[in-house]
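Please read these numbers as outputs of a predicted model, since none were measured by experiment.
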Amino acid sequence: MSQRISSPPSTDNLETITTKKRELSWKVATNLFMSFQYAWSGIIYAFMTQRNFRIHVCIFALAISLSLVLHLPPVEISVIGVTSGLVLTLELLNTALESLVDLIVKHNYHQLAKIAKDCAAGAVLVSAMVAVLVAGMLILPPLLRVIFEGAF
């Protein structure tokens, strides 16, 4: 099958996002600071180009904010933070895998590329559902108590 899939973001936009201080990024980072700088570049790239990553970041911020406002115990806030962090991590890995697959198949349709992308997206979905379950179990009871009793 030689069915084409949608084209990637324009190269001008990608160059603007990725070339800032990345000329030698293919080499091993010379120091720890450069390693962190490259990692931060990846997070910024995902935030600027991936709608789902931005949605997950907003939900993460909302869940942690609600946890703090509701005075949940530190352990429960940590559990919400870890599960939400896992979603963000998997979203970053999904973005990396999709970019790598697109590079390899050169934006042509290939069944194995579809499987790789779908499985990576599925991993994000599973982690997001678990995070919603965990946050719901920990945040919902105190939130409902505040709503119905009006006590903070």
Side-chain angles (χ1 to χ4, degrees), residues 3-140 142-143:
Q3 183 181 26
R4 286 209 165 267
I5 59 173
S6 61
S7 60
S10 72
T11 54
D12 292 339
N13 188 21
L14 276 177
E15 284 182 30
T16 303
I17 295 169
T18 58
T19 56
K20 185 179 178 186
K21 295 187 180 180
R22 296 286 295 182
E23 301 86 23
L24 300 176
S25 64
W26 56 273
K27 291 185 176 182
V28 175
T30 55
N31 59 46
L32 188 59
F33 175 75
M34 290 305 294
S35 294
F36 282 112
Q37 192 172 17
Y38 292 154
W40 191 246
S41 269
I43 293 168
I44 290 170
Y45 172 81
F47 190 84
M48 292 178 68
T49 63
Q50 304 298 308
R51 179 196 67 220
N52 289 347
F53 188 77
R54 290 190 298 272
I55 291 169
H56 291 307
V57 167
C58 291
I59 292 171
F60 171 80
L62 176 66
I64 294 297
S65 298
L66 270 174
S67 300
L68 293 171
V69 167
L70 293 170
H71 305 292
L72 293 183
V75 170
E76 292 181 4
I77 296 171
S78 298
V79 169
I80 292 169
V82 167
T83 55
S84 298
L86 178 63
V87 174
L88 294 175
T89 300
L90 286 173
E91 189 66 57
L92 287 166
L93 288 172
N94 181 45
T95 300
L97 186 133
E98 285 184 349
S99 296
L100 187 59
V101 167
D102 288 345
L103 175 68
I104 292 168
V105 300
K106 304 207 183 316
H107 300 287
N108 291 318
Y109 180 83
H110 192 285
Q111 186 62 30
L112 293 175
K114 179 188 182 324
I115 291 168
K117 287 180 158 192
D118 290 351
C119 287
V124 176
L125 179 62
V126 168
S127 69
M129 291 188 314
V130 169
V132 166
L133 177 69
V134 168
M137 297 290 289
L138 296 176
I139 292 174
L140 211 51
L143 182 62

Please report the interatomic distance [atom1]([X]) to [atom2]([Y]), rounded to the nearest 0.5 Å.
| X | Y | atom1 | atom2 | result |
| --- | --- | --- | --- | --- |
| Gln50 | Ile55 | CD | CD1 | 11.0 Å |
| Ile77 | Ser65 | CD1 | OG | 10.5 Å |
| Ile43 | Thr89 | CD1 | OG1 | 8.5 Å |
| Leu72 | Ile80 | CG | CD1 | 5.5 Å |
| Asp118 | Glu98 | CG | CD | 9.0 Å |
| Trp40 | Phe47 | CH2 | CZ | 9.5 Å |

What's the shortest heavy-atom distance between [X] and [Y], and which atoms?
| X | Y | answer |
| --- | --- | --- |
| Ala63 | Ile139 | O-CD1, 3.6 Å |
| Leu92 | Ala46 | CD2-CB, 3.4 Å |
| Ala116 | Val101 | CB-CG2, 4.2 Å |
| Ala131 | Val87 | CB-CG2, 3.7 Å |
| Ala123 | Leu90 | O-CD1, 3.7 Å |

*Criterion side chain to side chain contact (heavy atoms under 4.5 Å, CB included) on Leu97 and Leu93, from CA distance to verdict*: CA-CA 6 Å; Leu97 186 133; Leu93 288 172; over 6 Å; no
Please examine the side chains of [Y] and [X], heavy atoms only from C-beta on, and report whether any two atoms are closer than 4.5 Å.
| X | Y | answer |
| --- | --- | --- |
| Asp102 | Lys117 | yes |
| Thr95 | Phe53 | no |
| Leu138 | Ser67 | no |

*Sidechain-backbone polar pair: Ser84 side chain, Gly81 backbone, donor-acceptor under 3.5 Å*: no
*For His56 and Val124, run side chain to side chain contact (heavy atoms under 4.5 Å, CB included): C-alpha distance rounded to whole Å, both residues' side-chain angles, the deciding distance at 0.1 Å, then the answer.*
CA-CA 10 Å; His56 291 307; Val124 176; 3.9 Å; yes
